[in-house]
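Let me begin by presenting the structure, written as structure tokens, before commenting on it.
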Amino acid sequence: MTSWLRTYGSVPLCLLLFCLVVAVCAQRSSASVCWSPSITSCKECLTRGPQCAWCFKEDFLDGAVASQRCDLPVKLLRRGCEPEFMEQSEVKVEVNATTSSTQVSPQDISVTLRPGSQASVVVAVKQLKRYPVDLYYLVDVSASMQENLDHLKTVGVALSLRMTEHSSDLQLGFGSFVDKPVSPYINVHPSKISNPCSDYEIRCRPAHGFHHVLGMTGNISEFTRVIKRQRISGNMDTPEGGLDALLQAAVCQRDLGWRPEAKRLLLLMTDQPSHLALDSRVAGIVTPNDGLCHLENNVYTGSTRQDHPSVGQLSDKLLENHMYLIFAVEKQQYKWYEALVHLLPGSYLGRLGLFQAPNLIELVVDAYKKLLSEVSVSVSVEDKAVSRYWVSVSPLCPNGSMAKDQSCSWVQPDQTVYFNITIGMHSCPDNGEDEDVKVVVRPTRLGTVYGKYCERDDFSCPYEGGVDMWRSCTCQSYWKCVDCHLSHGLTQKEAGHCNSTCESLVGYRDDVLGQAGEKWIQCMYISNDRCRYRFQTSSQSGQTQLHISTRAECASNSRLVGTFLCVCALTVLCGMVVVAVSRLLLQKRNLTPGGAAEVTVYHCTGKDLSYIPTSNEKTVSYRRESPPDRPVEMHIQDSKMPLGDPWQY
């Protein structure tokens with residue numbers, strides 16, 4: 001038998017032929033990526049991929065169609081197009097080393113991109129050992145806080161000495177709150193407005209929504225002196241106006257003296273829960289909180305005009321103003337504030353049996369260390385170009401810390417976290433011209449707000465439709481990938497356009513809930529048209545897999561109209577039933593009111609034949625059944641009509 005296998009030297013000939021075929025196929029595949037008969041412009045050519053080039057030489061291939069100008073650079077060169085006549089996607093990364101920072105480096109990076117291309121840069125964030133710190137005490141001065149206010153008078157000096165281990169520059173501020181000074185929250189009797197404690201022969205200060213007492217100062221003696229001058233106040237109900245005061249303390253930066261370069265700690269001390277949005281309606285206040293500063297002469301003037309802020313609104317303002325929030329509450333209220341802390345990013349809750357100086361100092365120090373131990377960065381693209389770029393962030397955590405999605409936890413002072421930031425470009429602007437777009441990368445331990453209209457965040461809604469949106473933040477890291485596939489219609493034909501956006505294996509499913517299990521994490525993505533798409537991810541097999549449901553959960557107009565009509569019909573029906581039942585009850589009550597009976601008696605005797613009985617002649621008898629020993633009867637007779645009289649109406 002003759003063997004078909006020949007060898008060339010020590011290499012089988014079939015292996016050489018196979019390599020040759022692969023090389024030819026790869027070359028044709030690369031060429032087909034750039035060339036297409038539908039390409040008529042340089043813009044269309046460069047969007048085919050970063051490896052494509054366009055020849056703008058005027059006499060290139062005279063008589064040829066425009067699509068021949070788009071190809072791989074090596075192909076165009078063979079056809080007579082010199083490199084200086086080629087326009088191609090080029091990626092440049094230039095680092096400006098002249099600017100430096102003690103925390104973030106490099107400070108200035110210039111990246112040049114073309115449609116379909118991407119570039120990666122590495123940003124180092126160093127956890128400093130000592131930051132300047134601004135700490136503002138916001139204290140509930142209602143009557144039940146008298147003892148706690150006394151303990152606070154000894155905190156200033158001791159806290160200042162302790163914080164020197166962690167901060168190079170500590171400044172303290174102070175403000176107080178009680179509740180909205182309107183009924184029913186306070187007693188509005190004239191004598192009680194000026195002195196809520198007049199019944200106890202104690203001189204108290206009037207109730208107030210928020211009073212800014214001392215701006216940020218490094219003078220600890222001044223802080224102690226101001227605390228010693230504070231007096232308690234009083235109100236009627238149990239909840240206090242803590243959230244109202246918190247928002248003012250966060251947004252009134254200039255009045256309180258918050259420094260831009262400092263870590264901002266806002267400490268709330270109270271022994272009661274806080275009022276929430278809509279609570280003010282019992283006082284006739286229906287205007288929503290506008291989230292703005294309303295301090296005049298250091299007093300919150302909007303307290304009696306607008307409602308308490310919502311939790312979401314307060315969360316936005318804390319993020320916007322880079323505030324770390326610390327709750328110092330007594331153990332009776334711990335559960336209430338524990339639920340609240342989960343909705344306020346960058347907040348810390350401490351349980352205190354008593355507001356004594358050592359406890360408060362340890363609470364502040366522990367909260368400061370914990371809040372600063374997590375290092376992450378936020379990347380923001382200018383609004384005008386946010387839809388044409390995509391960004392991904394991957395952290396490289398130092399030893400001893402723990403990677404958590406796009407951040408590192410338990411980072412120690414002087415350790416450095418490196419972030420690999422990849423920026424990709426989808427398309428050019430509509431006018432086709434080059435543009436400069438600013439991308440800002442900055443450290444944050446707080447949440448992230450993003451979206452075309454800033455309508456999305458990674459902290460407000462831990463659950464959506466029964467799906468855990470917060471599980472490791474895993475879901476949020478895949479939203480850009482899901483959005484890319486949605487923009488291309490969830491079709492396998494167009495899926496290749498998202499290869500640069502998605503690092504995982506992506507598949508489409510009619511229903512992803514059918515594969516629910518421990519290895520799959522169920523997630524949800526809300527598109528710009530408010531439709532919800534479920535997806536699931538898994539990394540059990542070593543390769544990240546992503547399954548996107550093709551079923552969109554949208555609220556259609558027809559469904560809304562149908563729901564509206566059903567509600568209207570149900571309302572009318574319920575009204576008719578109520579009216580019918582009411583009439584029946586009234587009729588039944590009128591038939592036998594208190595045992596009364598109506599009897600119609602007709603009389604016709606030979607003695608008086610000049611009268612003919614009519615229906616107008618009747619006797620109505622009322623009998624009172626009690627007391628039984630003295631029954632009472634009443635008889636009423638209507639007069640009869642004479643025989644010869646005409647009918648009258």
Side-chain angles (χ1 to χ4, degrees), residues 16-98 106 108-122 381-382 384-385 387-392 420-439 484 488 493-501:
L16 293 176
L17 293 175
F18 175 76
C19 295
L20 179 62
V21 171
V22 171
V24 172
C25 292
Q27 185 177 13
R28 290 183 178 179
S29 176
S30 299
S32 63
V33 170
C34 296
W35 183 85
S36 173
S38 62
I39 295 178
T40 59
S41 65
C42 176
K43 178 181 178 181
E44 295 177 355
C45 176
L46 296 183
T47 56
R48 299 285 293 181
Q51 71 272 35
C52 302
W54 174 269
C55 182
F56 57 86
K57 188 177 182 181
E58 293 185 4
D59 57 350
F60 177 69
L61 299 178
D62 288 338
V65 294
S67 61
Q68 296 295 328
R69 293 179 176 271
C70 183
D71 212 328
L72 295 173
V74 63
K75 292 286 188 179
L76 295 176
L77 185 61
R78 292 175 184 173
R79 297 176 189 173
C81 183
E82 292 78 9
E84 58 268 22
F85 293 103
M86 294 183 192
E87 182 73 24
Q88 56 183 327
S89 299
E90 57 178 349
V91 177
K92 293 182 179 179
V93 179
E94 300 177 354
V95 178
N96 185 357
T98 59
D108 188 9
I109 304 175
S110 177
V111 179
T112 302
L113 297 173
R114 293 290 185 185
S117 63
Q118 65 184 48
S120 296
V121 297
V122 176
V381 182
E382 283 188 78
K384 66 177 182 179
S387 62
R388 299 193 301 274
Y389 292 85
W390 59 267
V391 180
S392 66
N420 183 34
I421 302 174
T422 303
I423 305 174
M425 184 179 184
H426 291 304
S427 61
C428 292
D430 295 335
N431 57 17
E433 298 180 356
D434 293 342
E435 65 174 349
D436 292 332
V437 177
K438 181 181 291 186
V439 179
C484 179
H488 289 88
K493 182 179 179 180
E494 300 290 334
H497 292 87
C498 300
N499 289 341
S500 58
T501 306

Please name the pair of heavy atoms, one in Glu84 and one in Phe56, separated by the smallest distance, quoted to 0.1 Å. O-CZ, 3.4 Å
Return the minimal non-hydrogen interatomic distance between Phe60 and Arg79, and the atom names on each side. CE1-O, 3.6 Å
Is any side-chain heavy atom of Tyr389 closer than 4.5 Å to one of Leu113? yes
Trace of the disulfide bond (SG atoms under 2.5 Å apart) decision for Cys70 with Cys52: CA-CA 7 Å; Cys70 183; Cys52 302; 5.1 Å; no
Quick one, Asp108 with Val95, criterion side chain to side chain contact (heavy atoms under 4.5 Å, CB included). Give me CA distance, side-chain angles, the key distance, then yes/no. CA-CA 6 Å; Asp108 188 9; Val95 178; over 6 Å; no
When you look at Trp54 and Asp71, which way does the side chain to side chain contact (heavy atoms under 4.5 Å, CB included) test go after all the steps? CA-CA 7 Å; Trp54 174 269; Asp71 212 328; over 6 Å; no
Taking all heavy atoms of Gln68 and all of Leu61, pick out the closest pair and write down the distance. CB-CD1, 4.0 Å
Walk me through it: do Ile109 and Glu94 pass the test side chain to side chain contact (heavy atoms under 4.5 Å, CB included)? CA-CA 6 Å; Ile109 304 175; Glu94 300 177 354; over 6 Å; no
Check against side chain to side chain contact (heavy atoms under 4.5 Å, CB included), Met425 and Arg388: CA-CA 6 Å; Met425 184 179 184; Arg388 299 193 301 274; 5.5 Å; no
Test side-chain hydrogen bond (donor to acceptor under 3.5 Å, both in side chains) applied to Ser67 - qualifying residues, sequence neighbours left out: none
Ignoring hydrogens, what is the shortest heavy-atom contact between Cys55 and Leu76? Give both atom names and the distance. N-CD1, 4.1 Å
Here the gap from Phe85 atom CZ to Asp59 atom CG, rounded to the nearest 0.5 Å, amounts to 8.0 Å
Within a strict 4.5 Å, meaning less than it, do heavy atoms of the Val91 and Gln118 side chains meet? no
Just so I know, are the side chains of Val391 and Thr422 near enough to count as touching, which here means a heavy-atom distance under 4.5 Å? no
What are the two closest non-hydrogen atoms of Glu58 and Arg69, and how far apart are they? O-NH2, 3.3 Å
Of all heavy-atom pairs between Ile39 and Cys34, which one has the smallest distance, and what is that distance? CD1-O, 3.1 Å
Taking disulfide bond (SG atoms under 2.5 Å apart) as the test, write out the residues that go with Cys42, two or more places apart. none
